[in-house]
Undergrad: 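This is the structure I want to talk about, given as structure tokens.
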2 protein chains.
Amino acid sequence: MTTITVLLVDDHLVVRSGLKALLGTQPDFDVVAEAASGEEALELVEHHSPAVVVMDLAMGAGMDGIEAIRQLRQRNSRQAILVFTTYDSDADIVRAVDAGAMGYLLKDAAPDEIFAAIRGAVQGKSVMSAPVASRLFQQLRNPDEVLTPREAELLSLLTEGLSNRELGQRLFISEATVKTHLAHIYAKLGVETRAAAIATAIRREGMR
Amino acid sequence: MTTITVLLVDDHLVVRSGLKALLGTQPDFDVVAEAASGEEALELVEHHSPAVVVMDLAMGAGMDGIEAIRQLRQRNSRQAILVFTTYDSDADIVRAVDAGAMGYLLKDAAPDEIFAAIRGAVQGKSVMSAPVASRLFQQLRNPDEVLTPREAELLSLLTEGLSNRELGQRLFISEATVKTHLAHIYAKLGVETRAAAIATAIRREGMR
DNA sequence: AGCAGCATCAGCCAAAAGGCGGAGAGACCA
DNA sequence: TGGTCTCTCCGCCTTTTGGCTGATGCTGCT
């Protein structure tokens, strides 16, 4: 039986402790280091070269989880990266996978699920919590509902409460174009007003 | 030295484990039970009568933390209740204190801070994390910015994306009244459009 | 070459939202 | 009792938003 070295990355001490205690019950896991921020994670990966990095996405100040994953990937490191976070927002999932995450777990996952995900990750298997998988699945089935990059950009600004005029100025496009984009966004999100679009975006797409 | 019995309430296993491990390092703490939901918390308080209940506010499905606190208080139980959560939204803080919480800690609090809060709580002292205290303080200094109950109710519905007409129907008031309330809400939140109000509400007031 | 998707813009019109001032009823408190 | 909040409502007017139709240039794919 090979020992799997693990680096934990989470800005909350209690979560790190809990995860460490949990992984400690398994003979094949060895938590070699813990990081409280993205920056620290990059450093510690250098020093310890863990087989798996278990990382939260939300990370208080500084570099967030997504950015940390991206940078780890760029440094040609061969760690398997597992996302371990509270929310299953569409945007986060897509961005994490895009950045190079091997799996995506929710914090309310059962211990066995977590163990299986880590063991799978070192073997190159992709494991994710059921709600996460179902969201990804839905996106694949309904590609019509996926926002274009420009639309996503607009939606992001929309959640700051800007008016059509302000959106146009910010993006250097006419108000007419803003309206066109908005109409498409509403259709894709299944809403009819900007108010509902903002609510949906912040809650469902995780645009906080 | 008296032993302080503690009940942990959090829907995330890792958080409970971490907190338990953390409290285990102190000789005067004894975690006598753990609950994963508000309902379970009420039961376990009956059976164990812990001196302190450490409780998360967000609790997946079912009864949330605020409601659990309220019900505990109604049952004339003498437990000190400590909120231990991730967010420091204005609304949550006020509602938790209102429901009868003794203290309010953030999950990124230092261990010593957590220990001190628990020990203080059994002695009737109120302890809260610095960011939480600062928010409460600000509310006291600017009472003009505190929403009335009705306004808060309206704002909550607003974040669902309802139109003025729908708001009126939902609350059994005229559209004119809705507009009046909205104008007051905008002024208090420091915004000028409903879009910005929604954004502010969801992000700052934690109305998800 | 042709077609689909994306981003850009226009005009027109109806509906919704927002700003302004004013006002009455009930609750609560000094 | 008088003052202050809070909640309720009105009218008028301007601005903003949303629905609809249609159009252009670009890219990428077939």
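All chains are named by letter (A, B, ...) in the order of the sequence lines, taking the proteins before the strands, and each is independently numbered beginning at 1.
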Undergrad: Once salt bridge (Lys or Arg N to Asp or Glu O under 4.0 Å) is applied, what residue pairs with a partner in residues 118-133 of chain B remain, sequence neighbours excluded?
TA: D28(B)-R119(B)
Undergrad: Distance check needed: dT8(D) P versus L154(B) CG, whole Å only.
TA: 9 Å
Undergrad: One character per nucleotide, please: for nucleotides 11-30 of chain D, 5' to 3', B when the base has a protein heavy atom closer than 4.0 Å, S when only the sugar-phosphate does, - otherwise.
TA: -----SSBB-----------
Undergrad: Where is the tightest heavy-atom contact between T159(B) and A199(A), given as atom of each residue plus distance?
TA: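 Residues T159(B) and A199(A), closest heavy atoms: O-CB, 3.0 Å.
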Undergrad: Whole Å only: how far is the NE2 atom of H181(B) from the C1' atom of dT8(D)?
TA: 7 Å
Undergrad: It should be established whether S174(B) places a side-chain nitrogen or oxygen under 4.0 Å from OP1 or OP2 of nucleotide dC9(D).
TA: yes
Undergrad: Atom CD of E153(A) to atom P of dT8(C): distance rounded to whole Å?
TA: 9 Å
Undergrad: To the nearest Å, how far apart are R150(B) CZ and dA25(C) C1'?
TA: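 The distance from CZ of R150(B) to C1' of dA25(C) comes to 15 Å, rounded to the nearest Å.
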Undergrad: Take the protein atom NE2 of H184(B) and the nucleotide atom P of dC7(D), then report the distance between them rounded to whole Å.
TA: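 From H184(B) NE2 to dC7(D) P: 10 Å.
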Undergrad: Just how far, in rounded Å, is C1' of dG18(C) from CD1 of I185(B)?
TA: 14 Å
Undergrad: Roughly, in whole Å, what's the span from CD in E151(B) to C1' in dT6(D)?
TA: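 Nearest whole value for this atom pair: 8 Å.
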Undergrad: Please report how far the helix from dA1(C)-dT30(D) to dA30(C)-dT1(D) bends, comparing the axis fitted to its first five pairs with the axis fitted to its last five, to the nearest 10 degrees.
TA: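 The value is 50°.
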Undergrad: Under the salt bridge (charged side-chain N to carboxylate O under 4.0 Å, His left out) test, which residues partner E34(B), sequence neighbours left out?
TA: R16(B), K20(B)
Undergrad: Output the distance between atom CG (L19(B)) and atom NE2 (H12(A)), rounded to the nearest 0.5 Å.
TA: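 It comes to 12.5 Å.
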Undergrad: Just the rounded figure in Å: distance from C1' of dG18(C) to CD1 of I198(B).
TA: 14 Å
Undergrad: Name all residues meeting the salt bridge (charged side-chain N to carboxylate O under 4.0 Å, His left out) criterion together with R170(A); count only those two or more places apart in sequence or in a different chain, and write none if there are none.
TA: none
Undergrad: Please list, one pair per line, the donor and acceptor atoms closer than 3.5 Å that link side chains of residues 46-62 of chain A to other protein atoms, with sequence neighbours excluded.
TA:
from   : atom 1 : to      : atom 2 : distance (Å)
H48(A) : ND1    : L44(A)  : O      : 3.2
D56(A) : OD1    : T85(A)  : OG1    : 3.1
D56(A) : OD2    : K107(A) : NZ     : 3.2

Undergrad: Side chains of T180(B) and T177(B) only: does a donor on one sit below 3.5 Å from an acceptor on the other?
TA: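 Not at all, the side chains of T180(B) and T177(B) share no donor-acceptor pair under 3.5 Å.
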Undergrad: Taking all non-hydrogen atoms of both residues into account, name the closest pair between E192(B) and Y186(B) and its distance.
TA: O-CD1, 4.2 Å
Undergrad: So which heavy atom on A116(A) is nearest to which on V127(A), and how close?
TA: O-CG2, 4.4 Å
Undergrad: Look at all strands and tell whether T148(B) reaches a base, only sugar-phosphate, or nothing, counting heavy atoms closer than 4.0 Å.
TA: sugar-phosphate
